[in-house]
Every structure is written in C-alpha cells, then in structure tokens.
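Everything below concerns the one structure shown next.
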There are 2 protein chains.
Amino acid sequence: MARATRKVEILHAASKVVSERGIFNLTLEAVAIEAGVSKGGLLYHFPSKEALVKGMVEHLAANYRDKIATSVEDSTLENGKWISSYTDVTFNNPYPNKEMHAGLLAAKAVNSDLLDPIRDLYNEWQAAIEDDGIDPVKATIIRLATDGIWLSELFDIHHLGEDKKKEIYLKLKNWINE
Amino acid sequence: MARATRKVEILHAASKVVSERGIFNLTLEAVAIEAGVSKGGLLYHFPSKEALVKGMVEHLAANYRDKIATSVEDSTLENGKWISSYTDVTFNNPYPNKEMHAGLLAAKAVNSDLLDPIRDLYNEWQAAIEDDGIDPVKATIIRLATDGIWLSELFDIHHLGEDKKKEIYLKLKNWINE
DNA sequence: GAAAAGAAACCGTCCAGAGAGTATAGTAAA
DNA sequence: TTTACTATACTCTCTGGACGGTTTCTTTTC
C-alpha cells in the first residue's frame with residue numbers, strides 16, 4: 001500500500017525465492033510473481049537484477065545493525081555489551097538470519113562487491129567487540145563460535161539439537177563474565 | 001593422461017572457475033576450457049552439470065576426511081585428538097578449504113541434496129568430537145569457532161590478521177588441554 | 001473546488017543472447 | 001576393439017532487460 005512498503009515486499013519475496021528454491025531460481029519473473037507484482041513493476045523499483053540483490057543486502061544489513069544497536073542500548077552490562085548482544089541476537093533471531101542467508105548467497109553469486117555493507121557491519125562489530133571491556137581474543141572466539149552455528153545453518157549441513165544449542169549459548173554467555 | 005587424473009583435473013578446474021569467477025560462471029564450456037578439455041570430453045566424464053557438482057563435493061569430502069583421519073592417527077594426544085585435528089587441518093590447510101568453499105557454494109546453488117557427503121562428514125566429526133575425552137560442549141564450541149573463521153573467509157567478509165588468527169588458534173588449542 | 005496536467009507506480013509483451021544437453025563423425029592409443 | 005577423448009554443429013529453453021503502454025496519485029491552475 002504505502003510506497004516504501006512495496007520495495008520491501010519485493011525484497012522479502014526475493015529472499016523467499018532464494019531460501020526456498022535456490023539462487024538459480026532467483027529470476028526477475030519468479031520474484032515478481034512471489035511479490036504479486038508484474039515484471040515491469042519490479043523493474044521500476046529495481047532497474048536490474050544486480051540492483052535487486054544490492055537492495056537485499058543493504059536492507060538486511062540495516063536491519064541487523066539496528067537489532068544489535070538496540071540490544072546494546074538496552075544492555076545493563078558493564079563489560080561485554082557488544083559480544084553479548086551479538087550472541088543474543090544471532091542465536092535467538094531466526095528471522096534476520098534467514099534473510100541474511102539469502103542475501104549473502106545472492107550477493108556472492110551475483111557480484112561479490114555487493115557484500116560491502118556486510119563487510120562494513122563486521123568491521124564495526126569486530127572493533128566494538130575488541131573494545132568491549134573483556135579479553136579481545138576471548139570475545140572474538142565467542143563471536144566466531146556464534147558464526148559457526150550460522151555456517152552450518154546456512155548450508156543446512158549439521159544441526160545441533162535445540163538442547164545442545166542452548167548449552168552452548170549458556171556456556172558462551174557465561175564465559176563473557178567469567 | 002592416466003584416466004583417473006583427468007576427472008580430478010576437471011574437478012579442480014570447476015572449483016577454480018567458481019572461486020575466481022563465481023557460481024554463475026560455472027558453465028560447462030568454462031570448465032572445459034579451464035581444464036583444457038573439449039566440451040564433449042567433459043560430458044564424457046560428467047554427463048551433466050549436476051553430475052559434475054556431485055563429483056566436486058564427493059571429491060572434496062573424501063579429501064577432507066582423509067586429511068582429518070591422518071591427523072588423528074598421527075596424534076599423540078590422550079584426549080582431544082579429534083577436535084585438535086579438526087582445528088589444525090582447518091586452520092592450516094588453505095587448499096582443501098578453497099575447494100570446500102567452491103564445492104559448498106556450487107552444491108547449494110545447484111541442488112542441496114548434493115551436500116549429503118558433507119552432512120555425513122559433519123555427523124561423523126561431531127560424534128567423534130563429543131566422544132573425544134574432553135567436555136563435549138567445550139569441544140563443540142572450539143569446532144564452531146573454527147567454522148566461524150571459515151564463514152568469513154568463504155564470503156570474504158572479514159579477515160582477522162594472521163597474528164590475531166594465530167592468537168585465536170593458540171588459545172583454542174590451549175583450551176583443549178586445560 | 002473542479003478540472004487539467006504531470007509525475008509516480010505500475011503492467012505485459014517481445015526479443016536477443018546464452019547455456020545445457022544432444023548428435024555425430026573422427027582420432028589416437030593400448 | 002574398446003576406451004578416452006576432440007571438434008563442431010545444432011536444438012531447445014530460459015531469462016534479463018527494453019519498451020510502450022495504462023492507471024493512480026499529487027499538484028497546480030482557473
């Protein structure tokens with residue numbers, strides 16, 4: 001309805017196509033149909049496929065950044081705000097992760113330069129994590145372990161059960177304030 | 001020359017194409033040229049694109065499994081053989097990782113079922129790691145952290161410097177025997 | 001405040017190019 | 001004779017993007 005919404009709807013549709021049908025099915029027509037828009041309408045908003053994927057990445061990067069930033073602001077911790085927020089959001093927010101998966105795969109496939117917004121994100125977070133009031137090596141390991149779960153979910157390679165995942169989450173969180 | 005070699009050469013060529021030019025350039029013709037084989041010759045060995053990607057995944061899975069198995073056999077550790085080997089191989093072996101990246105991306109793009117050999121690998125390793133004589137949660141976290149580095153290298157998102165990477169490696173290795 | 005004008009947000013078709021896979025005829029070596 | 005190819009040509013399908021509409025909103029003018 002509102003105008004900004006349509007673009008976002010299209011981006012969600014694109015993510016959905018990638019998630020459910022794979023990158024090779026990320027065609028303009030498939031996205032248009034999924035979004036309930038004609039091909040012409042899609043191209044009005046995103047003049048090329050690359051522009052569409054760029055939109056996906058930028059959108060999810062902004063989204064993810066906000067989530068983490070909000071979590072950091074709400075944190076009452078003395079030390080380890082950033083790493084704690086990163087772990088919380090990434091472990092407990094299946095939605096942005098799904099979009100992230102689709103966006104990453106699409107960008108990697110279409111044009112690696114499109115990953116720049118993600119690179120910026122990671123540079124910011126890595127810097128914050130290393131200046132988070134706790135041992136930077138420890139903090140980085142916690143981040144990496146969090147990303148490790150991500151990798152296996154992205155490729156659907158190995159799923160730790162929910163219980164094991166929780167154990168790991170708790171151990172990591174606990175380690176922050178050790 | 002030898003018959004088994006040609007197939008392997010083609011698989012390497014395919015990985016190279018994916019690594020250097022992205023998944024969308026993984027065409028039969030591109031692989032054939034890269035491998036120094038005609039398109040007909042390529043199709044003689046791999047009758048379809050899917051068969052080619054299947055070959056890639058199976059080859060790298062076998063390769064990776066061997067590397068880890070050899071490392072485990074050579075290990076003199078009482079406890080933590082598996083997790084230690086996994087970390088060693090993954091940190092210090094850029095070659096199988098590059099192939100792994102290409103194979104994963106190609107399989108994910110073409111047909112997720114092709115990832116089954118990787119799933120088998122991970123199931124085996126996860127089982128071994130949980131029965132490795134050390135706290136299974138700790139061992140799993142070490143594995144995940146190792147995979148985390150992987151993720152960022154796969155997407156070329158963020159590179160810890162070699163020095164930081166080494167610090168992390170040492171801390172993880174040290175943690176095994178703590 | 002109604003009508004006209006213009007911009008924004010779409011729709012639907014067409015086409016050129018590319019790539020997967022087929023077909024086929026031939027070659028070299030073991 | 002079989003295996004392991006080369007080389008070329010051809011079919012068939014799909015897809016990105018161009019293009020020329022049409023409708024809906026917004027603003028201006030009288």
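Lettering of chains follows the sequences in order, A, B, ..., and the numbering in each one begins at 1.
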For this session: Look at the side-chain N and O atoms of B/His45 and state whether any lies under 4.0 Å from the OP1 or OP2 oxygen of D/dC5.
Result: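 Answer yes for this pair, as a side-chain N or O of B/His45 is under 4.0 Å from OP1 or OP2.
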Exercise. Under 6.0 Å between the ring centres of B/Trp125 and B/Tyr64?
Worked result: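 Yes, ring centres under 6.0 Å apart.
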Exercise. What is the distance, rounded to the nearest whole Å, between atom CG of A/Leu43 and atom C1' of D/dT15?
Worked result: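 That distance rounds to 11 Å.
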Exercise. Quick one: B/Lys49 NZ to C/dG21 C1', roughly how many Å, whole number?
Worked result: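 Whole-Å distance recorded here is 12 Å.
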Run the side chain to side chain contact (heavy atoms under 4.5 Å, CB included) test against [X] and tell me which residues pass, sequence neighbours left out.
| X | answer |
| --- | --- |
| A/Asn111 | A/Glu50, A/Asp113, A/Leu114 |
| B/Ser38 | none |
| B/Glu153 | B/His101, B/Ile149, B/His159, B/Lys165 |
| B/Ala51 | B/Phe46, B/Pro47, B/Ser48 |

For this session: May I have the step-by-step check of salt bridge (charged side-chain N to carboxylate O under 4.0 Å, His left out) for A/Glu9 and A/Arg6, ending in yes or no?
Result: CA-CA 5 Å; A/Glu9 279 173 8; A/Arg6 259 287 139 64; 3.2 Å; yes
Exercise. For DNA chain D, which residues in residues 19-34 of chain A have a heavy atom at a distance below 4.0 Å?
Worked result: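 Contacts with DNA chain D under 4.0 Å: A/Leu26, A/Thr27, A/Leu28.
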Exercise. How would you list all residue pairs meeting salt bridge (Lys or Arg N to Asp or Glu O under 4.0 Å) that involve residues 19-43 of chain A, not counting sequence neighbours?
Worked result: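 Those involving residues 19-43 of chain A are A/Lys16-A/Glu34, A/Arg21-A/Glu34.
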For this session: Mind jotting down which residue pairs meet the salt bridge (Lys or Arg N to Asp or Glu O under 4.0 Å) criterion with at least one end in residues 73-89 of chain B? Sequence neighbours excluded, please.
Result: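 Listed once each, the pairs are B/Asp88-B/Lys173.
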Problem set entry | Of residues 105-117 of chain B, the positions that come close to DNA chain C - non-hydrogen atoms, cut-off under 4.0 Å |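 None, since no heavy atom is under 4.0 Å.
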Exercise. If you look at every heavy atom in B/Ile176 and B/Gly80, which pair is closest and at what distance?
Worked result: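 Here B/Ile176 and B/Gly80 meet closest at CG2-CA, 4.1 Å.
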Exercise. Have A/Asp132 and A/Tyr86 got a donor and an acceptor in their side chains that come within less than 3.5 Å?
Worked result: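 Not at all, the side chains of A/Asp132 and A/Tyr86 share no donor-acceptor pair under 3.5 Å.
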For this session: Name all pairs fulfilling the ring pair (Phe, Tyr, Trp, His ring centres under 6.0 Å) condition that reach into residues 20-42 of chain B, sequence neighbours left out, sorted by first residue then second.
Result: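 Counting only pairs at least two positions apart or across chains, the ring pair (Phe, Tyr, Trp, His ring centres under 6.0 Å) contacts touching residues 20-42 of chain B are A/Phe24-B/Phe24.
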Find every protein N or O atom lying less than 3.5 Å from an N or O atom of nucleotides 6-9 of chain D, and list the pairs.
unit_1	atom_1	unit_2	atom_2	d
D/dT6	OP2	B/Ser38	N	3.0
D/dT6	OP2	B/Ser38	OG	3.0

For this session: Please assess A/Asp116 against A/Arg119 for the test salt bridge (charged side-chain N to carboxylate O under 4.0 Å, His left out), listing each intermediate value before the final yes or no.
Result: CA-CA 5 Å; A/Asp116 279 344; A/Arg119 296 194 176 98; 2.8 Å; yes
Problem set entry | Counterpart residues, ring-ring contact (aromatic ring centres under 6.0 Å, His included), relative to A/His158 (two or more places apart) |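 A/His158 satisfies ring-ring contact (aromatic ring centres under 6.0 Å, His included) with no other residue.
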Problem set entry | Axial bend angle, the helix from C/dG1-D/dC30 to C/dA30-D/dT1: five-pair end segments, nearest 10° |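 The helix from C/dG1-D/dC30 to C/dA30-D/dT1 shows an end-to-end axis angle of 10°.
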